[in-house]
Number of protein chains: 2
Amino acid sequence: MEDKKSKILLCEDDTNLGMVLKNYLELNDYEITLERDGRLGLAAFQREKFDICLLDVMMPNMDGFTLAEEIRDVDPDIPLFFLSAKTMKEDIIQGYKLGADDYITKPFDSEVLLLKIKAILKRNEEENRISDNIEFDLGRYHFNPKLRELKHDDHTQTLSPKENELLKMLAEHKNDLLPRERALKKIWGSDTYFNGRSMDVYIAKLRKYLKDDTNIEIVNIHGNGFRLVAP
Amino acid sequence: MEDKKSKILLCEDDTNLGMVLKNYLELNDYEITLERDGRLGLAAFQREKFDICLLDVMMPNMDGFTLAEEIRDVDPDIPLFFLSAKTMKEDIIQGYKLGADDYITKPFDSEVLLLKIKAILKRNEEENRISDNIEFDLGRYHFNPKLRELKHDDHTQTLSPKENELLKMLAEHKNDLLPRERALKKIWGSDTYFNGRSMDVYIAKLRKYLKDDTNIEIVNIHGNGFRLVAP
DNA sequence: AAATCAATGAAAACGGCTTGTCAAAAAGCA
DNA sequence: TGCTTTTTGACAAGCCGTTTTCATTGATTT
């Protein structure tokens, strides 16, 4: 499994600036989705998985602040940068209130922007690394995501990467809802019909692996997601 | 025992500063490889072995932070110094300071730099002396990487350099995952198709050497790496 | 309650990629 | 030069993820 490029959602209605920035960031090995207004930005966000969002404040259809709220509804943790010509103090304050990680006023130095992006992504990476060594007890089972190992008694099942990631997410939400959309975006990268079907296949596989402890169940919550029920 | 000169990788796009620094450090009995951009720096790093890296932050082709990440991939422990003009935003610097052993702002006093280099190298030398003499017990086997010797009962197998390095990495991660990519970058210099094939050949060789103790196994974790299972 | 559409469950087929293995070629080294 | 070490090439075997198909269940409308 290779290190994949980090994906950036860039919402900017100024086509010139948007394209220039897109090209610049692509040269620096990021994958950019550029949308030209807030509504399109939200659609892109709901469809794909991003590592960071760069939002222009003033855009047609939906402004950057509103878009930020919508995004925060779906993912409370994703880093947000606002790009804005406004130096109004109130705007900046509102930006940070919405949980912005940075508020960048135009014109800005693209090199500095790049370094800020890197800094944020690196911080997030390190946080992920901490949760990398977690293991789970599920009834009679013991689950080690790092080794992709699901044991019980003297049985050891090696999980495939996708099985492993899905079970890990379920275990992190043990006895709680794991929303379909969340899992699809995190593991499959986007919430589409076929990815959804694929996920169902994996749910079936996990159920088979876990069937030796009748106290453990993966319950479907229709139209919403799954819940791993376990002591 | 003879002291070999410590080798320093210096990446600096300002030719003047680069040459001055190179000469100064050479006068102080270090061996310097000077490269003028990030990509060349990485190439040099993969080609030779260094004791410390001095990286300019702003360079053509690949900036110092990115280069640092690449270097850390291959060798997580090598000391890194960043050299940078002062104009950078403090917070960015702060973010990256974590990975760096020092962050030096230009203009700097070369004498101070020299002292810092000495201090770091001395610390590392001591650590290396310790980790250099490690031996491993693997089931019935005893493995001495320094002598490249793998013994069991009255059998002694002398390992080739590559066999030795690979088994050493596996042993350092005993019962844990050794990621493919990590081993490839560290031992082969880069993660390419043919290097991967080569590594598989070596895994097969090691398995053959280790087959006399059935408690020892080198297990593949598909797409991920290998795990040396041993008591 | 019947009809209908959408969401889910389960099995199997397929294509692509990773790994295991053997052997020969190439590169290093004494 | 001979020897060991390492890389390359070819092929088989295995693993994985997606897609397809068909069956089932849940929600909604009538």
Side-chain angles (χ1 to χ4, degrees), chain A residues 1-2 4 49 145 147-150 156-170 177-211 217-229, chain B residues 46-47 148-150 156-170 177-211 217-229:
Chain A
M1 180 160 63
E2 288 319 300
K4 276 188 295 193
K49 176 201 171 254
L147 300 177
R148 294 179 4 210
E149 224 176 44
L150 182 62
T156 296
Q157 175 69 47
T158 303
L159 303 179
S160 84
K162 279 246 155 63
E163 291 164 359
N164 186 60
E165 288 189 78
L166 184 53
L167 183 54
K168 188 175 165 193
M169 282 195 85
L170 284 164
L177 172 67
L178 170 63
R180 257 189 113 75
E181 190 194 10
R182 185 90 63 88
L184 281 168
K185 288 211 310 201
K186 176 141 184 178
I187 301 177
W188 276 266
S190 64
D191 178 357
T192 66
Y193 172 76
F194 282 121
N195 285 341
R197 303 322 329 283
S198 197
M199 174 165 157
D200 288 334
V201 172
Y202 280 89
I203 291 289
K205 289 181 184 177
L206 292 180
R207 282 185 176 135
K208 201 173 286 183
Y209 295 147
L210 292 169
K211 71 172 187 299
E217 266 185 303
I218 299 177
V219 180
N220 173 252
I221 296 164
H222 196 90
N224 263 313
F226 294 91
R227 186 159 76 105
L228 174 62
V229 181
Chain B
Q46 286 170 338
R47 197 174 57 236
R148 297 185 354 218
E149 223 175 44
L150 183 62
T156 296
Q157 174 70 47
T158 303
L159 302 178
S160 83
K162 279 246 155 60
E163 290 166 358
N164 186 60
E165 287 190 79
L166 184 53
L167 182 54
K168 187 175 167 195
M169 281 194 86
L170 284 165
L177 173 67
L178 170 62
R180 243 190 128 73
E181 196 192 357
R182 178 95 66 88
L184 281 168
K185 280 191 173 172
K186 176 133 184 180
I187 301 178
W188 277 267
S190 64
D191 179 356
T192 65
Y193 174 76
F194 281 119
N195 285 342
R197 308 322 336 283
S198 196
M199 174 165 157
D200 287 333
V201 172
Y202 279 88
I203 290 289
K205 290 181 184 177
L206 292 179
R207 282 184 176 137
K208 203 170 286 181
Y209 294 149
L210 292 169
K211 71 172 188 299
E217 264 185 303
I218 299 177
V219 180
N220 172 252
I221 297 168
H222 195 97
N224 229 327
F226 292 93
R227 183 160 79 109
L228 175 61
V229 180

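These figures come from a predicted structure and were not determined experimentally. Computed over heavy atoms, backbone and side chain alike; hydrogens, waters and symmetry mates excluded. The chains referred to below are lettered A, B, ... by the order of the sequence lines, with proteins before strands, and numbering in each begins at 1.
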**Student:** Reading DNA chain D from 5' onward, which residue's closest nucleotide shows up sooner: A:Leu159 or A:Val201?
**Tutor:**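 The residue mapped nearer the 5' terminus is A:Leu159.
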**Student:** Please report the distance, rounded to the nearest Å, between CD in A:Glu165 and P in D:dC16.
**Tutor:**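 In whole Å, D:dC16 P and A:Glu165 CD are 13 Å from each other.
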**Student:** When you measure only distances, ignoring hydrogens and angles, does the side chain of A:Arg197 come within 3.5 Å of the base of D:dG17 through a donor and an acceptor?
**Tutor:**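 Absent.
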**Student:** Between A:Phe194 (CZ) and C:dA7 (P), how many Å, whole number?
**Tutor:**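 Distance, rounded to whole Å: 14 Å.
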**Student:** Look at A:Arg148 and D:dC15 and indicate whether a side-chain polar atom (N or O) is within less than 4.0 Å of OP1 or OP2.
**Tutor:**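 No, A:Arg148 has no side-chain N/O under 4.0 Å of OP1/OP2 on D:dC15.
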**Student:** Rounded to the Å, how far apart are B:Ile203 CD1 and C:dT18 P?
**Tutor:**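 Atom CD1 in B:Ile203 sits about 16 Å away from atom P in C:dT18.
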**Student:** Quick one: are B:Leu150 and B:Leu206 in side-chain contact, heavy atoms under 4.5 Å?
**Tutor:**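 No, side chains not in contact.
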**Student:** Quick check for you: among C:dA11, D:dG17, C:dG20, whose closest atom lies nearest to any side-chain atom of A:Pro161?
**Tutor:**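 Among the listed nucleotides, the one closest to the side chain of A:Pro161 is D:dG17.
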**Student:** Taking only side-chain nitrogens and oxygens of A:Arg180, does any of them come within less than 4.0 Å of OP1 or OP2 of C:dA7?
**Tutor:**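 No, A:Arg180 has no side-chain N/O under 4.0 Å of OP1/OP2 on C:dA7.
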**Student:** Just how far, in rounded Å, is C1' of D:dT25 from CZ of A:Arg207?
**Tutor:**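 Rounded to the whole Å, the gap is 12 Å.
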**Student:** What does B:Phe226 touch in the nucleic acid at a heavy-atom separation under 4.0 angstrom: a base, only the sugar-phosphate, or nothing?
**Tutor:**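 Since only primed, P, OP1 and OP2 atoms lie under 4.0 Å of B:Phe226, the category is sugar-phosphate.
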**Student:** Tell me whether the OP1 or OP2 atom of C:dT21 has a side-chain N or O from B:Lys205 closer than 4.0 Å.
**Tutor:**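 So the side chain of B:Lys205 is outside the cut-off, no N or O lying under 4.0 Å from OP1 or OP2 of C:dT21.
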**Student:** Taking atom P of C:dT8 as reference, at what distance in whole Å does atom CG of A:Leu206 sit?
**Tutor:**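 That distance rounds to 16 Å.
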**Student:** Looking only at non-hydrogen atoms, find the nearest pair between B:Asn195 and B:Ser190 and report the distance.
**Tutor:**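 Taking every non-hydrogen atom into account, ND2-O, 3.0 Å.
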**Student:** Which nucleotide, C:dC22, D:dT20, D:dA27, lies nearest any side-chain atom of A:His222?
**Tutor:**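 Among C:dC22, D:dT20, D:dA27, the one nearest the side chain of A:His222 is D:dA27.
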**Student:** For B:Asn224 and D:dC16, what is the distance between atoms CG and C1' respectively, to the nearest whole Å?
**Tutor:**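 To the nearest whole Å, that distance equals 13 Å.
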**Student:** Expressed as a whole number of angstroms, how long is the span from A:Tyr193:OH to D:dG17:P?
**Tutor:**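 So the two atoms are 20 Å apart, to the nearest Å.
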**Student:** Nearest 0.5 angstrom please: B:Ile221 CD1 to A:Ser160 OG, how far?
**Tutor:**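 Rounded to the nearest 0.5 Å, the CD1-OG separation comes to 13.0 Å.
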**Student:** Can you name the nearest heavy-atom pair linking A:Pro145 to A:Lys168, along with the distance?
**Tutor:**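 Residues A:Pro145 and A:Lys168, closest heavy atoms: CB-CD, 3.8 Å.
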**Student:** Would you indicate, yes or no, if D:dT4 has its OP1 or OP2 atom less than 4.0 angstrom from a side-chain nitrogen or oxygen of B:Ser160?
**Tutor:**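 So the side chain of B:Ser160 is outside the cut-off, no N or O lying under 4.0 Å from OP1 or OP2 of D:dT4.
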**Student:** Taking the nucleotide of DNA chain C with the nearest heavy atom to each, does B:Lys208 or B:Ile221 sit closer to the 5' end?
**Tutor:**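 Looking at the nearest nucleotide for each, B:Ile221 comes out on the 5' side.
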**Student:** Go through D:dT20, C:dC22, C:dG9 for me and flag the one nearest to the A:Asp200 side chain.
**Tutor:**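 Closest nucleotide among those given: C:dG9.
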**Student:** OP1 or OP2 of D:dG17 sitting under 4.0 Å from any side-chain N/O of A:Trp188?
**Tutor:**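 Result: no.
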**Student:** Search all heavy atoms of A:Ile218 against all heavy atoms of A:Arg207 and return the closest pair with its distance.
**Tutor:**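 For A:Ile218 versus A:Arg207, the nearest heavy atoms are O-NH2, 2.8 Å.
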**Student:** Please state how far atom CD in A:Glu163 lies from atom C1' in D:dC16, giving the value in whole angstrom units.
**Tutor:**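 Spelled out: CD on A:Glu163 to C1' on D:dC16 is 9 Å.
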